[in-house]
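See below for the structure under consideration.
The shown structure was predicted, so the numbers you read here are calculated from the model rather than taken from an experiment.
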Amino acid sequence: MSNRRRVRRTLIALSLLLAPLAAGGTVAQEHAAGDEARLANIRQLTFGGENAEAYFSFDGSQIIFQSTREGVPCDQIFRMDLDGSNQQMVSTGDGRTTCAYFYPGGDSILYASTHLGDAACPPPPSFRMGYVWAIYDSFDIFRANPDGSGLTRLTHEPGYDAEATIGPHGRIVFTSVRDGDMEIYSMNGDGSDVRRLTHRQGPDGGPFFSPDGSQIIFRGREIPDGQEYDDYKRLLDEGLWRPTSTEVFVMDADGSNLRQVTDFGSASFAPYWHPDGDRIIFSSNLHDPGGRNFDLFTINLDGTGLEQITFTDVFDGFPMFSPDGTKLIFASNRDAAAEGDTNIFIADWVE
C-alpha cells in the first residue's frame, strides 16, 4: 500500500545494485528466541535503504517490490528471485512509484507512479502538522510488461489513484480520492468498468482480494461528522493523511456485507489473506498505540484467534503469504546496518 513509512531512511553504501545477494541469502539474526515460532529459516533479501511492499507473483516464483536506495532517490519498482538475486528496476526511474503487483499469468505488472506529473521525486510532506503521509494527487495506475516495457496508463481521473492489487480473476482493486475521500474502487485489468465499493467518511484503502476473489480485505476507519473529520478532510484536501488509527475490515467483492475484523484502537494495516481464506495476517502497533513498534499478527475473519507472529522492538509490516502458504514475505527494520533501513525478509511458514 502507498502511504508507507515516509520518514527518510539513511542509505548505506552496501547496495544490491552493486553487490547482488548470492543465492540463498543470509539468515537473519535471531530475535526474542523462541517467540517467532511460526517463522523458520528467516532470510534477508535486500540490504540497505527503504524496501517494502514486496509481493509474490501468482505462481510464487518472483517477487516485486518498491525501493529507495543508493542511486534511486525515491521509490521505484524492482523485481527479484525468491533468494534476492537478479534484482532489476522495472519502473521508469522518474517520479515516485508504489504498490506494484503481478497480473495472474505473469504476463504483466501493475504499479502506481507520479512520473506524468513530474520526472522529479515529489517533495516529502511537511511535518508542521505532525506525523503525516503524503497522498500525491499525481499518482496514477499503470500496466506494463514484466520488464517494464509497454507502459499503459489505466487511470485518468484527477487526484490520487494507487494501492492497486489484483484478484485471481484479473480484476483490480485500488484506492482513490477521485470523489473527495479515500475510497476503494475496482476495475477490469485494462482499466475499464470502474466501480466504487466503499461509501463512508474516512481513510479506506490498501485492499486485497481473497484467494477465490469473492471478498476484499482492507484497512480503514469511518469518521463521523465533527472535529476529527474536519481535521482529516482538511489534511486530505492538502494531499496529506495522519495514519494513526485504522482497523481491518472485510467486504464482499461488490462492496456489500461490510464487517469489521479488528477493534484495537491502534494502527492496524496491511492485511493479507492466508491461502485458506479463513485467516488474515496484518501489521499493528496494538501493544504500542501511537508508537512505531509494529509487529505481525494473524486473526480469524470473525475477529477471534489473535496470534502474534513477530516479536521485535522495531517495525515489521507488509506481510504476504506465498500462494501455497509455505512462505511469508515481509518488510522490517530488524538487523538494520544503518538506522532506519527497511529491508525485505522471507521465511518458511510453520503451521
Side-chain angles (χ1 to χ4, degrees), residues 1 3-5 28 30-40 42 52-56 165 184 198 202-212 214-222 243-252 257-334 345-351:
M1 301 170 188
N3 315 327
R4 323 290 196 220
R5 355 146 306 280
E30 187 175 1
H31 295 267
D35 285 337
E36 296 182 334
R38 292 286 191 181
L39 306 180
I42 302 175
E53 299 198 59
Y55 302 124
F56 289 102
T165 62
I184 296 174
T198 57
D204 293 331
F208 290 90
F209 280 106
S210 60
D212 66 0
S214 67
Q215 299 179 87
I216 295 169
I217 200 85
F218 65 98
R219 56 99 180 117
R221 184 165 64 96
E222 185 170 15
T244 53
S245 181
T246 53
E247 303 290 351
V248 176
F249 293 82
V250 65
M251 62 183 172
D252 291 349
N257 196 22
L258 176 69
R259 58 260 192 217
Q260 187 168 341
V261 179
T262 68
D263 188 14
F264 301 132
S266 58
S268 298
F269 79 110
Y272 194 80
W273 297 86
H274 187 277
D276 65 15
D278 296 324
R279 292 174 285 169
I280 61 166
I281 189 167
F282 65 101
S283 181
S284 181
N285 63 349
L286 65 90
H287 293 320
D288 181 31
R292 298 187 184 179
N293 179 14
F294 284 80
D295 280 299
L296 303 182
F297 300 82
T298 56
I299 196 170
N300 297 326
L301 281 184
D302 63 1
T304 63
L306 180 69
E307 180 180 352
Q308 186 167 346
I309 303 302
T310 63
F311 292 82
T312 65
D313 58 1
V314 294
F315 174 85
D316 293 309
F318 306 112
M320 181 190 190
F321 285 104
S322 61
D324 63 3
T326 63
K327 293 180 175 60
L328 183 77
I329 196 167
F330 61 100
S332 179
N333 296 143
R334 63 179 65 196
F345 293 79
I346 191 171
D348 297 333
W349 179 256
V350 180
E351 277 293 350

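- Side-chain atoms of Glu36 never come within 3.5 Å of backbone atoms of Arg38 as a donor-acceptor pair (strictly under, hydrogens ignored).
- In this structure, CD1 on Ile329 lies 9.5 Å from OG on Ser322, to the nearest 0.5 angstrom.
- Smallest separation of non-hydrogen atoms from Ala40 and Val350: CB-CG2, 3.8 Å.
- Between the CD1 atom of Ile299 and the NE2 atom of His274 there is a distance of 15.0 Å, given to the nearest 0.5 Å.
- Ion pairing between a basic and an acidic side chain is recognised when a charged N comes within 4.0 Å of a carboxylate O; Arg292 and Asp313 show no such pairing.
- Under the 3.5 Å distance criterion, the side-chain polar atoms of Ser210 are left unmatched by any main-chain donor or acceptor of Gly277.
- The shortest side-chain heavy-atom distance between Thr298 and Gln308 does not fall under the 4.5 Å cut-off.
- Using a 4.5 Å heavy-atom cutoff, the side chains of Arg259 and Asp252 are in contact.
- In this structure, the ring of Trp349 has its center less than 6.0 angstrom from the ring center of Phe321.
- Contact record, Pro271 with Ile280: CB-CD1, 4.4 Å, taken as the closest heavy-atom pair.
- A heavy-atom distance below 4.5 Å is not found between the side chains of Phe249 and Val261.
- Taking the side chain as every heavy atom from C-beta outward, Phe294 and Asn285 approach each other to under 4.5 Å.
- Remark: the Glu247 side chain and the Thr262 side chain contain an N/O donor-acceptor pair separated by less than 3.5 Å.
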Next item on the list: Show your reasoning for whether side chain to side chain contact (heavy atoms under 4.5 Å, CB included) applies to Val250 and Ile216.
Entry: CA-CA 6 Å; Val250 65; Ile216 295 169; over 6 Å; no

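- Ring pair Phe318/Phe269 is perpendicular by interplanar angle, where above 60° counts as perpendicular and below 30° as parallel.
- Listed here is the closest heavy atom pair of Asp324 and Thr326: OD1-OG1, 2.8 Å.
- Arg334 CZ to Phe315 CZ: the interatomic distance, rounded to the nearest 0.5 Å, is 11.5 Å.
- Atom CD1 of Ile309 and atom OG of Ser283 lie 12.0 Å apart (nearest 0.5 Å).
- With hydrogens and angles disregarded, no donor-acceptor distance shorter than 3.5 Å links the side chain of Asn293 to the backbone of Asp288.
- Between the CD1 atom of Ile184 and the CZ atom of Arg219 there is a distance of 7.5 Å, given to the nearest 0.5 Å.
- Residues Glu307 and Arg279 are not paired through a salt bridge, judged by the lack of any N-O separation under 4.0 Å between the basic side chain and the carboxylate.
- Residues His287 and Phe297 place their aromatic rings such that the two centres sit under 6.0 Å apart.
- The aromatic ring centres of Tyr55 and Phe208 sit less than 6.0 Å apart.
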Note to self: For a side chain to side chain contact (heavy atoms under 4.5 Å, CB included) check, start with the C-alpha distance between Leu301 and Trp273, then their side-chain angles and the critical distance, and finish with the verdict.
What the structure shows: CA-CA 10 Å; Leu301 281 184; Trp273 297 86; 3.6 Å; yes

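- A donor-acceptor pair is defined here as one N or O able to donate and one able to accept, closer than 3.5 Å; no such pair exists between the side chain of Asn300 and the backbone of Asp302.
- The CG atom of Leu296 sits 5.0 Å away from atom CD1 of Ile281, with the distance rounded to the nearest 0.5 Å.
- Residues Asp204 and Phe218 have side chains in contact (heavy-atom distance under 4.5 Å, counting atoms from C-beta outward).
- The two residues Ser266 and Ser284 have their closest heavy-atom pair at OG-OG, 3.3 Å.
- Among all heavy-atom pairs drawn from Ala331 and Ala52, the shortest one is CB-CA, 4.0 Å.
- Between the side chain of Asp35 and the main chain of Phe311, no donor-acceptor pair closer than 3.5 Å is present.
- For the residue pair Ala270 and Pro319, the shortest heavy atom distance occurs at O-CD, 3.6 Å.
- Looking at Asp295, its side chain does come within 3.5 Å of a backbone N or O of Thr312 through a donor-acceptor pair.
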Next item on the list: Give the intermediate values and the outcome of side chain to side chain contact (heavy atoms under 4.5 Å, CB included) for residues Leu328 and Leu39.
Entry: CA-CA 8 Å; Leu328 183 77; Leu39 306 180; 3.8 Å; yes

